[in-house]
Amino acid sequence: MSEESQVILQRKQKAEELEREGIALYPNDIGNLEKAGAIKRVYDGYDQAALEKVPHVFHLAGRIMSLRRFGKAAFLHIEDSTGRIQLHVRRDQIGPEAYRLFKKYDIGDIIEARGTLFKTKTGELTLSVNTMRLVTKSMRPLPEKYHGIKDKELRYRQRYMDLLMNPGVRDVFRTRSKIIQMMRQYFTSNGFLEVETPMMQPIVGGATAKPFATYHNALDMNLFLRIAPELYLKRLLVGGFDRVFELNRNFRNEGISTQHNPEFTMLEFYEAYANYEDLMVRTEELFAQIARDVKGGHVFTYQGQEVDLTPPWRRMTLEEALVEVGGIGREELHGDPASLMQRLEDLGAPVKGNEPVGKYWTKLFDLLVEPRLIQPTFITHYPVDVSPLARKNMKDPGVTDRFELFITGREIANAFSELNDPRDQKRRFEEQIAKRGDDEEIPPEMDRDYVRALEVGMPPAAGEGIGIDRVVMLFTDSPSIRDVILFPLLRARGE
RNA sequence: GGGCCGUUAACUCAGCUGGUAGAGUAUCUGCCUUUUAAGCAGAGAGUCACUGGUUCGAAUCCAGUACGGCCCA
């Protein structure tokens with residue numbers, strides 16, 4: 001008849017019993033605490049005799065993660081943000097009244113304890129408790145202590161449980177934070193200015209993807225959540241900032257997979273008077289540094305595969321990759337597009353006839369080459385018709401000065417020397433608009449102000465976007481993007 | 001959007017060809033002052049995801065729906 005389980009009801013009753021006795025269930029006057037991790041670091045090496053000479057009374061707080069009661073005594077482990085430590089509670093030491101209250105404590109409660117250190121028979125550093133107090137009463141039981149919480153849906157929907165129960169999950173997010181910090185450090189120390197540009201944009205631009213639409217009441221204005229910050233960042237180059245970067249969320253209204261979350265984190269950086277080859281060097285430097293700090297070296301494994309990030313990395317043109325890795329003949333690539341269309345059809349990825357040949361190349365690349373690029377590889381010389389914001393190559397105007405970076409069979413970064421000729425840019429926008437697919441709900445629109453900015457004059461520059469979630473996956477050996485995003489998007493669940 | 005798989009106690013999972021629900025952990029009671037997946041004895045705990053169908057009888061078979069996972073687009 002109740003929606004709540006017996007266990008939860010029992011816990012709420014216990015809490016009320018404690019409250020009736022005048023015990024605060026949620027006090028907040030704890031004071032300075034020592035941390036389990038630090039205590040263990042210092043005293044783990046001490047033997048019993050040495051610990052007896054330490055007169056200090058330690059003050060700790062943490063969540064009860066395990067509890068073994070023995071009538072008039074008990075062992076429990078509490079966990080704080082730095083680790084677990086064992087507590088020994090004895091009735092003859094804390095007194096019968098305190099012990100009676102202690103019997104109402106449950107696994108999951110947060111408690112405060114003071115006491116001295118000793119070593120158990122098995123050699124575990126343990127706090128012998130003098131006094132203890134309830135700090136936060138837990139009304140819900142923790143999941144099974146040995147298996148933790150395995151159900152992926154529960155793990156993502158109740159991430160707090162996942163973080164609490166599953167070893168390693170907190171480390172993934174600590175590593176994520178560290179990687180982001182290192183990236184900020186790398187760019188700021190190289191003279192890049194961190195900026196914030198609009199996430200709500202009146203015109204969709206900077207990438208090809210479906211946007212989320214929203215609306216501003218007071219201005220009676222349609223807005224889109226950005227799919228990329230690119231066009232705003234390049235306006236800043238026009239404005240005189242030579243080196244800028246932005247590290248923040250993008251939003252794409254598309255499918256969800258182990259590689260895609262509708263909101264994801266992207267680093268974009270732009271550097272005036274540099275070209276895409278300079279950015280390859282930066283990218284190698286940055287990743288090698290992260291690998292050293294996070295992995296202890298350039299060589300490590302991702303999902304069982306060995307990855308070696310020692311610079312310099314392999315470079316291939318898109319054409320070379322299609323020929324050498326994809327096994328497509330050079331003549332076929334440059335011959336009748338019908339043959340490439342047929343190949344795509346055979347691969348189960350049919351294309352519409354109105355698409356440019358460059359699109360066939362990149363689609364074939366995605367299917368035949370990308371999954372095989374395990375070691376870091378820069379693919380360069382992308383066709384102009386799939387690179388609307390990139391500068392044309394001076395020698396071969398059919399391709400752009402652009403690269404994409406692949407590691408473990410996945411696209412990690414995309415970069416190019418920026419197109420800064422306003423006439424060329426305007427033409428490319430016009431072509432994009434003319435060639436738009438009829439199925440697109442939000443038709444591309446000319447960003448006239450961006451063209452105007454280029455007319456003012458943008459210095460020659462190069463820019464790059466790095467998918468942070470995928471970088472974190474790589475360095476934390478995570479198979480799914482949901483493992484590196486704290487609260488991945490899931491369907492709403494009726495309760 | 002398509003294919004395959006999953007959903008059983010708070011958690012981790014059994015439950016075969018249809019016969020009316022099980023274990024471990026957690027919880028409760030008793031014993032227990034060096035345990036650590038503590039131990040021993042006992043107890044309680046379920047809308048078998050949901051809706052419909054087949055059947056004398058459905059956790060089990062069928063269909064649909066919801067949510068999730070993996071793969072593909």
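Only heavy atoms go into these numbers, but all of them, side chains included; no hydrogens, no water, no symmetry mates.
As a whole-Å value, the separation of A:Arg68 CZ from B:G39 P is 10 Å. Here the P atom of nucleotide B:A26 and the NZ atom of A:Lys14 are 13 Å apart, to the nearest Å. The CG-P distance, from A:Leu87 to B:U34, rounds to 16 Å in whole Å. In this structure, A:Tyr146 places its OH atom 7 Å from C1' of B:A37, rounding to the nearest Å. Whole-Å rounding puts the A:Gln158 CD to B:C11 P distance at 8 Å. If you measure from atom CG of A:Leu9 to atom P of B:A10, you get 11 Å, rounded to the nearest angstrom. Rounded to whole Å, the distance from CZ on A:Arg69 to C1' on B:G39 is 16 Å. Atom CG of A:Leu76 and atom P of B:A37 are 15 Å apart (whole Å).
Separating the C1' atom of B:G46 from that of B:G64 is a span of 25 Å, rounded to the nearest Å. Going from the P atom of B:G22 to that of B:C48 covers 14 Å, rounded to whole Å. Taking atom P on both nucleotides, B:U29 is separated from B:U54 by 49 Å, rounded to a whole Å. If you take atom P in B:U7 and the same atom in B:U25, they sit 23 Å apart, rounded to whole Å. Distance noted for atom C1' between B:C67 and B:A26: 26 Å (whole Å). Across B:U55 and B:A10, the matching C1' atoms stand 35 Å from one another, rounded to whole Å. B:U65 and B:A14 have their C1' atoms separated by 27 Å, with the value rounded to a whole Å. A distance of about 26 Å separates the C1' atoms of B:C32 and B:A23, rounded to the whole Å.
Contact annotation: A:Arg482 reaches the phosphate of B:G69 (side-chain N/O to OP1 or OP2, under 4.0 Å). Considering only side-chain N and O atoms, A:Arg91 lies nowhere under 4.0 angstrom from the phosphate OP1 or OP2 of B:U33. Contact annotation: A:Lys119 side-chain N/O to B:U34 OP1/OP2 distance is not under 4.0 Å. The phosphate of B:A66 (OP1 or OP2) has no side-chain N or O of A:Arg491 nearer than 4.0 angstrom. OP1 or OP2 of B:A37 has not a single side-chain nitrogen or oxygen of A:Ser66 nearer than 4.0 Å.
Between A:Ile227 and A:Phe251, the closest side-chain pair of non-hydrogen atoms is not below 4.5 Å.
As the counterpart of B:A66, B:U7 is assigned, both hydrogen-bonding distances of the Watson-Crick or G-U wobble pattern falling under 3.5 Å. Across the strands present, B:G39 finds its partner in B:C31; the criterion is a Watson-Crick or G-U wobble pair with both atom distances under 3.5 angstrom. Look at B:A26: it lacks any Watson-Crick or wobble partner with both distances under 3.5 angstrom. Partner assigned to B:C61 is B:G53, using Watson-Crick or G-U wobble distances below 3.5 angstrom. Using the Watson-Crick or G-U wobble rule with both distances under 3.5 Å, B:C16 pairs with nothing in any strand shown. Pairing for B:A21 is absent, judged as Watson-Crick or G-U wobble with the two contacts each under 3.5 Å.
Between B:U34, B:A73, B:U12, one nucleotide has an atom nearer to the side chain of A:Lys121 than all others, and that is B:U34. Looking at the side chain of A:Tyr156, the nearest of the listed nucleotides B:G69, B:U34, B:U12 is B:G69. Of all nucleotides listed (B:A45, B:U33, B:A10), B:U33 comes nearest to the side chain of A:Phe70.
Taking the centre and axis of the six-membered ring of A:Phe487, the NZ or CZ atom of A:Arg159 falls outside the cone set by 45° and 6.0 Å.
Nearest heavy atoms, A:Ile203 versus A:Met446: CD1-O, 3.8 Å.
Using a 4.0 Å cut-off between a side-chain N of Lys or Arg and a carboxylate O of Asp or Glu, A:Arg63 and A:Glu79 do not qualify as a salt bridge. A salt bridge links A:Asp106 to A:Lys137: at least one charged side-chain nitrogen sits closer than 4.0 Å to a carboxylate oxygen.
A:Asp469 places a side-chain N or O within donor-acceptor distance of the main-chain N or O of A:Thr265, the cut-off being under 3.5 Å. Panel note: side chain A:Ser480, backbone A:Arg482; a donor-acceptor pair is recorded below 3.5 Å.
Put simply, A:Phe75 rests on the base of B:U35: the two rings are less than 5.5 Å apart at their centres and nearly parallel, under 30°.
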